[in-house]
Amino acid sequence: MTTIDETAIGETDWRRAADLIDAAGSLALACHVSPDGDALGAMLGLGLALARTGKKVVASFGDRVFAVPRLLRFLPGQRLLVEPSAYPAEPDLMVTFDASTMERLGLLAPHAGKAGELVVIDHHVSNTRFGTVHLVDPTAASTTMVVEELIRRLGLTVDREVATCLYAGLVTDTGSFRHSITTPAAHAMAGRLLATGLRPEEIARELWDRSPFAYLRVLGTALGRAALEPDAAGGLGLVWTYVSRADRAAEGLPYDEVEGMIDVVRRVDEAEVAVVLKEDDEGGWNVSTRSKGAVDVARACAALGGGGHPRAAGFSSALSVADTLAALRPHLAPEGSRP
Ligand code: 5GP
Ligand code: MN
């Protein structure tokens with residue numbers, strides 16, 4: 001993990017971001033498409049803290065079909081959300097969350113291009129710095145860690161609702177404090193958030209411990225066809241499966257319910273890399289990849305037009321399952337020896 005100073009956020013950037021936000025009467029917030037707990041939690045956490053001060057806040061994400069994933073509907077602050085069609089075309093001040101590139105804003109990318117000032121808040125090492133001010137810290141376990149510091153610098157309050165949003169991002173991106181990115185600072189932040197009275201067991205249940213019965217049926221189908229390729233990933237092994245829209249339609253399961261399937265597949269001991277291909281309702285494939293540390297899946301996914309973190313990344317594919325895997329396999333060579 002990088003801990004070098006050049007990755008930290010400079011004082012000038014903190015001050016510029018805080019001054020812009022302080023001075024703004026209205027703000028337009030946006031997170032990446034198909035938001036996860038960190039993207040939506042960071043956006044709604046800052047949005048709620050700002051809305052409490054009387055500022056006009058709108059928040060959105062640029063999916064063609066605009067819907068908050070079912071498992072994130074418990075997050076406070078949903079009243080701030082507007083559809084992309086109702087989003088300001090040329091916001092004076094726009095703030096983005098957990099998006100490493102402008103493209104990750106989907107339908108809202110043109111709005112970001114026309115914003116007067118664009119504050120980019122993120123923790124992806126691959127962030128392309130597409131804004132006018134950048135709060136990008138790759139050593140942060142989650143984007144919500146950067147947001148918590150910004151809220152402190154703005155002199156705003158982290159109440160239980162704001163804390164719930166920030167905590168959701170923290171536990172999502174650290175995998176409940178299991179991933180290598182889990183730092184003392186991540187635990188320290190969890191301590192501060194817990195002190196507001198939030199309910200960790202309720203947040204965990206919403207995020208990971210509930211599903212419609214149809215999920216078990218579709219999971220069974222997907223696991224039944226899981227394939228192990230011991231020779232792939234430079235001999236370290238690849239395990240993969242897919243979920244088609246036909247699989248989901250057969251059980252009436254919405255797309256967002258299959259997000260967590262990668263967490264079952266990635267547990268396989270015999271594989272360094274795990275891949276789950278998920279077909280959306282339009283027939284496109286979203287590919288989730290995970291590694292145990294020897295293979296940089298962010299680099300592999302970037303080669304195919306996607307991105308992410310070294311051990312958790314993704315990309316979109318218009319090809320068939322077989323052709324998508326054929327395109328991916330050559331990029332799964334290990335960087336070095338296992339850590
Ligand atoms: P997940 O597999 O959970 O959807 O995504 C894992 C990580 O990869 C997250 O950090 C997510 O933001 C990133 N990611 C997933 N899909 C894409 C993509 O198409 N492009 C980019 N740049 N990042 C992605
Ligand atoms: Mn994140």
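Keep in mind the model is a prediction, meaning the values are calculated, not measured. As the structure lists them, so they are numbered: ligands from 1, and atoms in each ligand from 1.
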Open item on the list: Using the side chain to side chain donor-acceptor pair (under 3.5 Å) definition, which of the options D173, T144, D137 pairs with H123?
Closed with: D173
Open item on the list: So if I count the atoms of ligand 1 from 1 in the order they appear, which ones are less than 4.0 Å from some heavy atom of G308?
Closed with: 8 (O), 13 (C), 23 (N)
Task: Check ion pair R205-E202 (N to O, under 4.0 angstrom) - done: no
Open item on the list: Taking transitive links into account, so neighbours of neighbours count too, which hydrophobic residues share a cluster with V65 at under 4.5 Å side-chain distance?
Closed with: none
Task: Residue, atom name and distance, where the atom is the protein heavy atom closest to atom 19 (O) of ligand 1 - done: F315 CA, 3.5 Å
Open item on the list: Quick test of your reading of the structure: of S316, G314, C301, S126, whose heavy atom lies closest to atom 15 (C) of ligand 1?
Closed with: G314
TODO: Would you tell me whether S244 and E279 have side-chain atoms, one donor and one acceptor, within less than 3.5 Å of each other?
DONE: no
Open item on the list: Strictly below 4.0 Å, N to O, side chains only: are K278 and E259 in salt-bridge contact?
Closed with: yes
Task: Side-chain donor-acceptor contact under 3.5 Å, W14 with E149 - done: no
Task: ligand 1 to K278 polar contact by distance, N or O atoms, under 3.5 Å - done: no
TODO: Would you indicate whether the side-chain heavy atoms of R70 and P212 approach each other to under 4.5 Å?
DONE: yes
Task: R290-ligand 1 polar pair, N/O distance under 3.5 Å - done: yes
Task: Closest approach of any protein heavy atom to atom 4 (O) of ligand 1, naming residue and atom - done: S288 OG, 3.8 Å
- [ ] Note the single closest protein heavy atom to atom 24 (C) of ligand 1, along with its residue, its atom name and the distance in Å.
- [x] G307 O, 3.3 Å
Task: the Mn ion (ligand 2) - number of protein N/O/S atoms closer than 2.8 Å - done: 4
Task: From Y255 atom OH to D281 atom CG, the distance as rounded to the nearest 0.5 Å - done: 9.5 Å
Task: S100 and ligand 1 - part of the residue with a heavy-atom distance under 4.0 Å - done: side chain
Task: Selected option - heavy-atom contact closest to atom 11 (C) of ligand 1, from E259, H309, R104 - done: R104
Task: Point-to-point distance, once rounded to the nearest 0.5 Å, from CG of L107 to OH of Y87 - done: 12.0 Å
Open item on the list: Any atom of ligand 1 sitting under 4.0 Å from a heavy atom of H124?
Closed with: yes
Open item on the list: Could you tell me if R225 sits above the aromatic ring of Y242, with its cationic atom closer than 6.0 Å to the ring centre and no more than 45 degrees from the axis?
Closed with: yes
Open item on the list: Assess, by modelled atom type and distance only, whether the side chains of D98 and H32 contain a donor and an acceptor separated by less than 3.5 Å.
Closed with: yes
Task: Residues E11 and R153 bridged, charged N to O under 4.0 Å - done: yes
Open item on the list: Distance under 4.0 Å to a non-hydrogen atom of A312: what atoms of ligand 1 satisfy this?
Closed with: 6 (C), 7 (C), 8 (O)
Task: Protein contact of atom 8 (O) of ligand 1 - nearest heavy atom, named by residue and atom, plus distance - done: A313 CA, 3.2 Å
